[in-house]
Number of protein chains: 2
Amino acid sequence: MGRSVSPKRAVKPARPSYILDEQIGFVLRQVWQRHATIFAREIGINLTPTQWAAVSKLAETGPCSQNLLGRLTAMDVATIKGVIDRLTARGLTETSPDPEDGRRLLVSLTRAGQQVAEKAAPNALAISRETLAPLDAKERETLIALLDKLR
Amino acid sequence: MGRSVSPKRAVKPARPSYILDEQIGFVLRQVWQRHATIFAREIGINLTPTQWAAVSKLAETGPCSQNLLGRLTAMDVATIKGVIDRLTARGLTETSPDPEDGRRLLVSLTRAGQQVAEKAAPNALAISRETLAPLDAKERETLIALLDKLR
DNA sequence: AAGATACCGTTTGTGTACAAACGTGCAAGC
DNA sequence: GCTTGCACGTTTGTACACAAACGGTATCTT
């Protein structure tokens, strides 16, 4: 170390070429973390963002196969299995073999699961609002539109 | 099922109040997932985004305590420990007790770690570019600025 | 000097997240 | 028929991510 790479003129300690804090991936991770923190505090019932995704999507679509539910909620097959296992253990979902297709495992909300979905939906909306609170209405719209292009 | 809840007029199957796909948290998770996929494919050396964050931050700042490094890279104390353990096992980092403060564990890049940092930096920049490729220059700037407000 | 307080690192436990390999069921083609 | 290919679910292994509890160290206050 010591002498710089290019001794051209004075020193000016060459801004490093890679600044972590300016990289989109790092920023995304932090924004996601902030959202997850808000979520954990505000969702009310004890649910993770991932579990809520599964529950609310089931409430939207009605019963569907575990695999399809995974695609609809952007979860890996191994991930959705774990999520459904835990939700089922808590009595929020139940599973049954699909009579029409021996490969499929049908997943549906139990009565308790439906109640949770209804009860938590307003909280989930509030969480979305709080996550976006630092932005004004126009900025929120712009952000969503831009992120949508990157999905 | 069958008859709807509110028989007022015609049917118009009441758009559910909570649409997962429109929620900022769900979108963030998906964009992050896409970025992680690009990262895994393009980083060259076998490093996770998190590990790269630690390595590149160490390259930026020089040796620092494990705890501070965790804060600089937005990692929990337990997370940064695991990351440094794995990097050290691979010979990219090394640790030593801080002679000036018995609580601290100093973390630094090894020679191999520095080489990895230099070699991977261009790839990491390319990954950022590819992640943002669906946007034009102005949009990229806007997105970063908006996300920055949500950190 | 002694005690209160804050900081640092470790450990344990739970929950995503994904790759890879495996076995089974369905459907399309010959 | 039968094979070939694809879809579906499961299991294993690795790696974040965070809460909570613990013990050791430094610093601040009295």
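We name chains A, B, ... by the order of the sequence lines, and we start the count at 1 in each one.
Here the side chain of B/Gln66 is nearest to one of D/dA19, C/dT10, C/dG15, namely C/dT10. Which of C/dA17, D/dA17, D/dT11 sits closest to the side chain of A/Thr79 comes down to C/dA17. Of the candidate nucleotides C/dA17, D/dC16, D/dC18, D/dC16 has the atom nearest to the side chain of B/Thr48.
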Show me the donor-acceptor pairs, under 3.5 Å and distance only, between side chains in residues 43-54 of chain B and residues at least two apart or in other chains.
{"unit_1": "B/Thr48", "atom_1": "OG1", "unit_2": "B/Gln51", "atom_2": "N", "d": "3.0"}
{"unit_1": "B/Gln51", "atom_1": "OE1", "unit_2": "B/Thr48", "atom_2": "N", "d": "3.2"}
{"unit_1": "B/Trp52", "atom_1": "NE1", "unit_2": "A/Tyr18", "atom_2": "OH", "d": "2.9"}

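If you take CG of B/Leu68 and C1' of C/dC8, they are 12 Å apart, rounded to a whole angstrom. Here D/dC18 presents its P atom at 11 Å from CD of A/Gln30, a figure rounded to the nearest Å. Look at CZ on A/Arg86: it is 7 Å from C1' on C/dT16, rounded to the nearest Å. When the C1' atom of C/dG23 is taken as reference, atom CG of A/Leu105 falls 16 Å away, rounded to whole Å. One can place CD1 of A/Ile84 at 15 Å from P of D/dC8, the figure rounded to the nearest angstrom. The distance from atom CD of A/Gln51 to atom P of C/dG15 is 7 Å, rounded to the nearest whole Å. In this entry the distance linking CE of A/Met75 with P of D/dC8 reads 17 Å, nearest Å. Straight-line distance from the CD1 atom of A/Ile43 to the P atom of C/dG15: 16 Å, rounded to whole Å.
Residues B/Lys81 and B/Asp85 are paired through a salt bridge, judged by an N-O separation under 4.0 Å between the basic side chain and the carboxylate. Checked for salt-bridge contact, A/Glu130 and A/Arg41 meet the test: a charged N lies under 4.0 Å from a carboxylate O.
The phosphate of C/dA17 has OP1 or OP2 within less than 4.0 Å of a side-chain N or O from B/Arg29. Taking only side-chain nitrogens and oxygens, B/Ser65 never comes nearer than 4.0 Å to OP1 or OP2 of C/dC8. OP1 or OP2 of C/dC8 lies within a sub-4.0 Å distance of a side-chain N or O belonging to B/Arg71.
Under the 3.5 Å distance criterion, with hydrogens and angles disregarded, a donor-acceptor pair is assigned to the side chains of A/Ser128 and B/Gln23.
A/Glu60 pairs by the side chain to side chain donor-acceptor pair (under 3.5 Å) definition with A/Lys57, not counting sequence neighbours.
Looking at A/Arg104, its side chain never comes within 3.5 Å of a backbone N or O of A/Pro97 through a donor-acceptor pair.
Within the nucleic acid shown, B/Asn67 comes within 4.0 Å of sugar-phosphate atoms alone, with no base atom in reach, counting heavy atoms only. B/Asp101 comes within contact range of the sugar-phosphate backbone alone, with a heavy-atom separation under 4.0 Å but no base atom that close.
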Could you run down the sub-3.5 Å N/O contacts of the protein with nucleotides 4-6 of chain D?
none

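The 5' end of DNA chain C is approached more closely, in terms of each residue's nearest nucleotide, by A/Ala74 than by the other of A/Pro99 and A/Ala74. If you find the closest nucleotide of DNA chain D to B/Val77 and to A/Asp76, the one lying nearer the 5' end belongs to A/Asp76. Comparing A/Lys81 and A/Gln33 by the nucleotide of DNA chain D that holds the closest heavy atom to each, the one mapping nearer the 5' end is A/Lys81.
Within 6.0 Å of atom CD in B/Glu141, 12 or fewer heavy atoms from other residues, nucleotides or ligands are found, so the atom counts as exposed in its surroundings.
Atom CD of residue B/Gln115 and atom CG of residue B/Leu92 lie 10.0 Å apart, to the nearest 0.5 angstrom.
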